[in-house]
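Here is the naming used below: chain letters follow the sequence lines, and residue numbers restart at 1 for every chain.
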Amino acid sequence: MSEQPEQPSTPATPAPPPTAEEIHHLEAQRRTNRDKAAALGLDPYGGRADGLLSLRAAAERYDADADAHHQANSKAEGHVDRRPVVRTAGRVVLHRDNGKLVWMNLRDQSRDSLQVAVSKRDATESGFGLSKIADVGDILVVEGPVMKTRAGETTVWASDVRAASKCLVPPPEKHSGLSDPETRYRQRYLDMWSNPETTRALTLRSRLVSHTRRFMEGRAFLEVETPVLQPQTGGAAARPFVTHMNALDMRLYMRIATELHLKRLMVGGMGRVFEIGRIFRNEGVDKRHNPEFTSMEAYQAFGDYETMAELTETLIRELATLSAAFWQDAGTGDGSLTLPFGELAIDYAQPFERVTYNELFERALGFAPADADRAWAEAEQRGLVGKYARHLKAEGREIKASDLRGKIDDLLIVNELFEEVGEAGLDPARPTFVFDYPSALSPLTRPKKDAPEIAERWDLFIAGMEIGPAYTELNDPDIQEAKFREQLSGLDDEESTFRNLDEDFLRALKVGMPPAGGLGLGIDRLAMLMSNSLSIRDVIAFPFMRPEA
RNA sequence: GGGGGCGUAGCUCAAUCGGUAGAGCACCGGCCUUUUAAGCCGUUGGUUGUGGGUUCGAGUCCCCCCGCCCCUACCA
């Protein structure tokens, strides 16, 4: 790999404009209309416009008394029109030409539609002329009094219309819209124009992240930024993306978690830190996984996992409150804290459910995780032993419980069972903390003092999705090192390529990290829950897609 | 990775057993100053994802490839 050679910013020969044969006739027609707008003395691509109101704000300026007064007296001598005059802008979504009166509906992010009427009598000549040749998709600036039609629809009765941008692309169908998922994700701008709910979901996501920041700051957490590019990854078990740094000719990895750096900051003396940022995991893509996603990790010195449970539950309840108000405002919710997610109705007002890992296991399987004999037998019967063996790249022969038992921790098989049937025992409509995972599964977590096989860790599940874990953080460098070494032993070659011992992290722990509670939250999945989006792609503006052919 | 489905006009979708590729909307021309998925009249629009094969004849059947969706697996 070498550096890209420097290119002049402008090519010696500019790309030739498309020839007539290359332009689709629908685009050609729009280019003609653009030229006609220019002939009216208007810049088809507009310019600065001051004093613009959103469509929503413009509609809210409607004054019924002034409108009635105007309707009654418009032909009277000396009549003064007191209707509020607005200047607003939006993209044309409907266009109806009645001859000397043109009706259009504009859309912006504040309002799906606001009607505009442009009459030959009352509008400027250029404004009327422009409205005659406006195409669906064009962006227009409209000025005029706000009134209501006979049918009662709020309308800007244009005195002037100016061009702001030309749309050269034929629009989606005006009623059924754009529904092809591939086009929606690849050309998000088309999707957002055609499907306002897309913009709404992304808008809500922005508000959720913003509120989360304010919430954390309100609790005296400091927002920090840690490296995305790292010589080694850590803090989670996931395959990383690999890249290369030219200057030092070295391999670098994209981070798979922010944990180890945030803890270093605690060692340094920052008592409460959080980071909201992009995480990259080189794994499968499906409705709940995107290769890059956003997490919030937070660490609170002198807290523990109970501290983080309270923080998490309070935060999510506030986010649900914000979301309920958002959807009520958008006209699709009743404002209650019971939010829909697909077929589910999830009540965020009630205290979240709490169960322990062992309770959940026993409820689903009828015996305790400590009963290793039954766990191995049950796992074998369910075909989970072979599944785990495949995990170890030991495929090619039939693996029996007797082959594996003794070679791996019993709890790894217990956890296979738990994930298979334990999690299924959760009520998906009830946010649930699952407390106290086996220590063997939680290398960065402090074991319970009176039961070291159990780690002070919980996972939060909502709608069957793992929203995030929290720990009472392990701050004993010797135990931490032992757990790291245990994790590294028994790994096959491929996995060990990506796992390594973070010596500097251990060195930091030796300096001394205060006892702490730590938390990780999947922001995308929270956004899914709060916006009733069944696919993670609906809350990511530009989700990963295979490149077009 | 495995299984299933899909790809037709700008958009949303049809096309019977393998037998002339259609509709609505959009677009274009005409009429229309309270329409609102405006309406009325008249037009236009296609290498059926790509490449091969079978056949007198392929949107339809077979194979390769590309892309998307669903299920499943992976993601301690």
Side-chain angles (χ1 to χ4, degrees), chain A residues 23-30 32-33 71 93-105 113-123 128 131 133 135-137 147-155 157 167-187 190-191 193-195 236-240 256 279 281-291 293 383 387-388 390-393 395 408-409 411-416 418-419 437-438 440-444 455 457 459 466 469 487 490-491 495 499 522 534-535 537 545-549:
Chain A
I23 298 177
H24 191 276
H25 73 276
L26 292 173
E27 179 178 334
Q29 187 54 47
R30 284 164 177 263
T32 303
N33 287 338
Q71 302 278 357
V93 289
L94 290 172
H95 185 270
R96 301 177 292 282
D97 186 344
N98 280 24
K100 296 188 180 65
L101 180 62
V102 178
W103 300 90
M104 290 182 285
N105 291 71
S113 177
L114 178 62
Q115 183 167 265
V116 172
V118 190
S119 77
K120 186 172 170 60
R121 186 201 313 127
D122 297 325
F128 178 73
S131 71
I133 56 167
D135 288 305
V136 172
M147 47 81 72
K148 281 197 180 180
T149 62
R150 285 175 200 156
E153 180 158 351
T154 305
T155 301
W157 194 267
C167 176
L168 295 175
V169 172
E173 205 273 336
K174 66 185 177 187
H175 188 54
S176 46
L178 177 68
S179 60
D180 174 40
E182 188 172 355
T183 309
R184 291 185 56 199
Y185 294 135
R186 286 197 195 280
Q187 301 185 51
L190 273 186
D191 181 30
W193 151 18
S194 182
N195 301 307
R239 218 163 282 260
I256 57 173
I279 302 295
R281 293 190 181 172
N282 206 339
E283 313 278 3
V285 180
D286 62 31
K287 278 195 294 192
R288 292 175 174 186
H289 297 85
N290 197 64
F293 62 98
K387 188 179 152 196
Y388 192 80
R390 242 172 291 134
H391 204 65
L392 298 174
K393 299 270 172 191
E395 35 199 330
I408 63 168
D409 195 312
L411 286 171
L412 294 175
I413 280 302
V414 164
N415 198 51
E416 289 292 321
F418 178 80
E419 293 193 349
Y437 276 64
L441 306 170
S442 309
L444 293 157
R457 164 187 169 176
D459 263 324
E466 190 186 347
Q487 287 280 309
L491 287 176
E495 283 195 317
R499 294 199 200 176
L534 283 316
S535 170
R537 291 181 155 177
M545 294 289 281
R546 226 178 274 262
E548 292 178 82

Atom-pair distance (CZ on A:R121; C1' on B:U34), nearest Å: 11 Å
Sugar-phosphate, base or nothing in reach of A:N282, heavy atoms under 4.0 Å: nothing
Shortest non-hydrogen contact between A:K174 and A:L94, atoms and distance: CD-CD2, 3.7 Å
Atom pair distance, as rounded to whole Å: CZ in A:R537 and P in B:C68: 7 Å
B:U36 OP1/OP2 closer than 4.0 Å to side-chain N/O of A:Q115: no
d(CG, A:D191; P, B:C11) in whole Å: 14 Å
A:N415 (side chain) and B:A76 (base): donor-acceptor pair under 3.5 Å: no
Nearest listed nucleotide, side chain of A:A237, among B:A37, B:C68, B:A76: B:A76
5' precedence on RNA chain B between A:S119 and A:D180 (nearest-nucleotide basis): A:D180
Any-strand Watson-Crick or G-U partner of B:U8, both distances under 3.5 Å: none
Touch class at under 4.0 angstrom, heavy-atom based, for A:P438 against every strand present: nothing
Touch class at under 4.0 angstrom, heavy-atom based, for A:L26 against every strand present: base
Rounded distance in Å - CE (A:M147) to P (B:U35): 11 Å
Base orientation of B:C17, syn vs anti, 90° cut from 0: syn
Side chain of A:K287 (C-beta onward), nearest among B:C71, B:C11, B:U34: B:C71
Euclidean distance for C1', B:G46 against B:C62 (whole angstrom): 25 Å
Straight-line distance of A:W157 CH2 to A:L101 CG, nearest 0.5 Å: 5.0 Å
Over all atoms of both residues, closest heavy-atom pair of A:P240 and A:N282: O-ND2, 3.3 Å
Euclidean distance for P, B:C41 against B:G24 (whole angstrom): 12 Å
Atom pair SG (A:C167) and CD (A:E27), whose distance is rounded to the nearest 0.5 Å: 9.5 Å
Nearest-Å distance for atom pair NE2/P, residues A:H175 and B:G24: 16 Å
Gap between atoms CG and C1', on A:D97 and B:A37 respectively (whole Å): 16 Å
Spacing of A:R546 atom CZ and A:E182 atom CD [to the nearest 0.5 Å]: 10.5 Å
Rounded distance (Å) that lies between atom C1' of B:U34 and atom NE2 of A:H95: 16 Å
Touch class at under 4.0 angstrom, heavy-atom based, for A:D122 against every strand present: nothing
Spatial distance of atom NE2 (A:H25) from atom CZ (A:R30) [nearest 0.5 Å]: 11.0 Å
Interatomic spacing from CG in A:N105 to OG1 in A:T155 - rounded to 0.5 Å: 8.5 Å
Distance, P atom - from B:C70 to B:G29, rounded to whole angstrom: 42 Å
Interatomic distance at C1', B:U48 relative to B:C71, whole Å: 28 Å
Touch class at under 4.0 angstrom, heavy-atom based, for A:R30 against every strand present: nothing
P-based separation of B:A73 from B:C11 [nearest Å]: 35 Å
Nearest non-hydrogen partners of A:L178 and A:N195, listed with the distance: O-ND2, 3.0 Å
Sugar-phosphate, base or nothing in reach of A:R186, heavy atoms under 4.0 Å: sugar-phosphate
Base B:U12 to side chain A:S179, donor-acceptor N/O within 3.5 Å cut-off: no
Side-chain-base donor-acceptor pair under 3.5 Å for A:H25 and B:C27: no
Distance-only donor-acceptor test, A:R96 side-chain atoms vs B:U35 base atoms, 3.5 Å: yes
Closest listed nucleotide, where the reference is the side chain of A:E283 and the choices are B:U34, B:C75, B:G10: B:C75
Shortest side-chain distance from A:E419, nucleotide among B:U34, B:U36, B:A76: B:A76
Nearest-angstrom distance from the residue atom NZ of A:K174 to C1' of B:G39: 11 Å
Whole-angstrom distance between B:G19 and B:G1, as gauged at atom C1': 42 Å
Presence of donor-acceptor pair under 3.5 Å, side chain of A:E153 and base of B:U35: no
G-U wobble or Watson-Crick pairing nucleotide for B:G59 (cut-off 3.5 Å, both distances): none
Under 3.5 Å donor-acceptor pair, A:D286 side-chain atoms to B:C75 base atoms: no
Touch class at under 4.0 angstrom, heavy-atom based, for A:A117 against every strand present: nothing
N or O in side chain of A:N98 less than 4.0 angstrom from B:U36 OP1/OP2: no
Sugar-phosphate only, base, or nothing, as touched by A:E173 at under 4.0 Å among non-hydrogen atoms: base
Inter-nucleotide P distance (B:G30, B:U43), Å rounded: 16 Å
